[in-house]
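The structure appears right after this line, and notes come after that.
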Number of protein chains: 2
Amino acid sequence: MSKEPADTATKILDVAERLVQARGFNGFSYADVADELGISKAALHYHFPGKAELGEALMERYAARFARALIDVDAREPDAHAKLQAYARLYADVFQDERMCLCGMLAADYATLPDPMRRSVVRFFDDNEVWLAEVLDEGRRAGTLRFTGSAREIARTIVSGLEGAMLVARPYGDTARFQTIADLLIDGLAAETTAPARRGRSAR
Amino acid sequence: MSKEPADTATKILDVAERLVQARGFNGFSYADVADELGISKAALHYHFPGKAELGEALMERYAARFARALIDVDAREPDAHAKLQAYARLYADVFQDERMCLCGMLAADYATLPDPMRRSVVRFFDDNEVWLAEVLDEGRRAGTLRFTGSAREIARTIVSGLEGAMLVARPYGDTARFQTIADLLIDGLAAETTAPARRGRSAR
DNA sequence: GTCTATAGGCAGATAGAC
DNA sequence: GTCTATCTGCCTATAGAC
């Protein structure tokens, strides 16, 4: 399903997305995208008036795609721990050909971003934390996850841990390096036992 | 100590470092630095022939400063857990006025960096992992840290966890957000108890 | 929708005077 | 060491023909 020829706007977004994920928002140009697609820069400006608008469209599509992926995970995985692993797999899937998570990359470029893009980046992290916190609470209620303290704080640790794992593993071009860290985060922080910040009794 | 007037080269490095940490390597220009110091771009080129050389000098100084800081930590903190906390504090100190860790930021810009800078970034992460792994092993031997599995993998999780925490917390301009995650990483991953990846018996 | 042509600005960098 | 002046090239963006 959904394998139509893909119109120009979509092709532009595809190429731009890959370039931003690999090189950052200040590391690619309209010329890069135009050359790769064999069209003129003016054609890009027809579809996206300026780089700011292109960036917004990029974020909008990425966030929507990610939201759909989370709904899929909720539908497919019954267990909270499995949901966390599926969540980490979403990141692992992105971590190909030198790509960062789009929002992780834009978080690095944050100081130079136009305001609408900034808001999208923050919203992305917020949404992810909310989803993760719900999964964590759900797992704790069901007994498949054990942790002490705030689910929201664990959620933040997972988001930033996965973003950081991509950031640091990318220079090594090493998927296994990312995966090992992701496993430690998920299995160590949220499953089986986790040490509370101070003086908590250990689970099990 | 060491509060001499600071020569031009040092002032250039100071300004450039802050700009790179805040805006990324592709988000600042010679003109930015020159304007802020009230000198000409040509003067910058006298001290650092090109942006690549400036970047290398930036990395060199940053790595040396970080290495000294680790030696200080080793000298001041007797306990492995305290060393980890002091290590996290090094990151927290950097996390001011919208700054990222220099190497975290350059990891994001990695695809666009000249080769010598790339090597410096990787070396920085390698050195940090080696130091952390030694602290972790030392703590395990002394009984102040408890974890199962490879110290090197835990070390990688800490490095990327702290880098990711900076990356994600920065858009919120929230130091507490960073600190909470750092505490969870250090106290949860390396102290007291930590769950092994699969089916391990829990410590304590 | 896509093109060519071009504007206008800023990037990194150099020459040569002081 | 630092300056002014300048170069060349790329950047984002627009105008107007097809």
Side-chain angles (χ1 to χ4, degrees), chain A residues 4-59 61 105-106 108-118, chain B residues 4-59 61 105-106 108-118:
Chain A
E4 277 80 62
D7 57 4
T8 305
T10 302
K11 284 192 267 186
I12 292 170
L13 289 173
D14 290 342
V15 173
E17 184 177 81
R18 177 167 41 76
L19 287 173
V20 173
Q21 288 182 276
R23 305 170 54 92
F25 195 68
N26 299 315
F28 87 104
S29 72
Y30 266 41
D32 294 329
V33 180
D35 287 353
E36 190 160 333
L37 290 175
I39 62 178
S40 69
K41 289 182 289 174
L44 265 82
H45 282 285
Y46 170 80
H47 293 282
F48 304 97
K51 218 182 170 184
E53 289 81 6
L54 174 56
E56 290 175 52
L58 243 25
M59 272 304 308
R61 192 179 69 154
M105 184 58 92
L106 293 179
D109 294 327
Y110 195 78
T112 66
L113 294 183
D115 261 340
M117 289 187 70
R118 290 187 179 197
Chain B
E4 277 80 61
D7 57 5
T8 304
T10 303
K11 285 191 266 186
I12 293 170
L13 289 173
D14 290 342
V15 173
E17 184 177 82
R18 177 167 40 76
L19 288 173
V20 173
Q21 288 182 276
R23 305 170 54 90
F25 195 68
N26 300 315
F28 88 105
S29 72
Y30 265 41
D32 295 329
V33 179
D35 288 352
E36 190 161 331
L37 290 176
I39 62 178
S40 69
K41 287 184 292 173
L44 265 82
H45 282 285
Y46 170 79
H47 292 282
F48 304 98
K51 217 182 173 184
E53 288 81 6
L54 175 56
E56 290 175 52
L58 243 25
M59 272 304 309
R61 193 179 69 154
M105 185 57 92
L106 293 179
D109 295 327
Y110 195 78
T112 66
L113 294 184
D115 262 339
M117 290 188 69
R118 290 186 179 197

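- Side-chain atoms of B:R118 come within 3.5 Å of backbone N or O of B:L113 as a donor-acceptor pair.
- The distance from atom OH of A:Y46 to atom P of C:dT4 is 18 Å, rounded to the nearest whole Å.
- Remark: the backbone N or O of A:G50 is paired with a side-chain donor or acceptor of A:E53 at under 3.5 angstrom.
- When the side-chain contact (heavy atoms from CB on, under 4.5 Å) test is applied to B:A43, the partners found at least two apart in sequence or on another chain are B:I39, B:S40.
- Rounded to whole angstrom, the span from the CG atom of B:L44 across to the C1' atom of C:dG12 amounts to 11 Å.
- For the OP1/OP2 pair of D:dT2 and a distance below 4.0 Å, the side-chain nitrogens and oxygens of B:T8 include at least one atom meeting the criterion.
- Side-chain contact between A:T8 and A:L44: absent, with no pair of heavy atoms (C-beta onward) separated by less than 4.5 Å.
- Between A:K51 and A:F28, the closest side-chain pair of non-hydrogen atoms falls below 4.5 Å.
- Following rounding to the nearest Å, B:F48 (CZ) and D:dT2 (C1') show an atom-to-atom distance of 15 Å.
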Exercise for the section: For each nucleotide in nucleotides 4-12 of chain D, reading 5' to 3', give B when a protein heavy atom comes within less than 4.0 Å of its base, S when such contact involves only the sugar-phosphate, and - otherwise. Expected result: B------SB
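- Here the side chain of B:D35 pairs no donor or acceptor atom with the backbone of B:D32 at under 3.5 angstrom.
- Whole-Å rounding puts the B:I12 CD1 to D:dG1 C1' distance at 10 Å.
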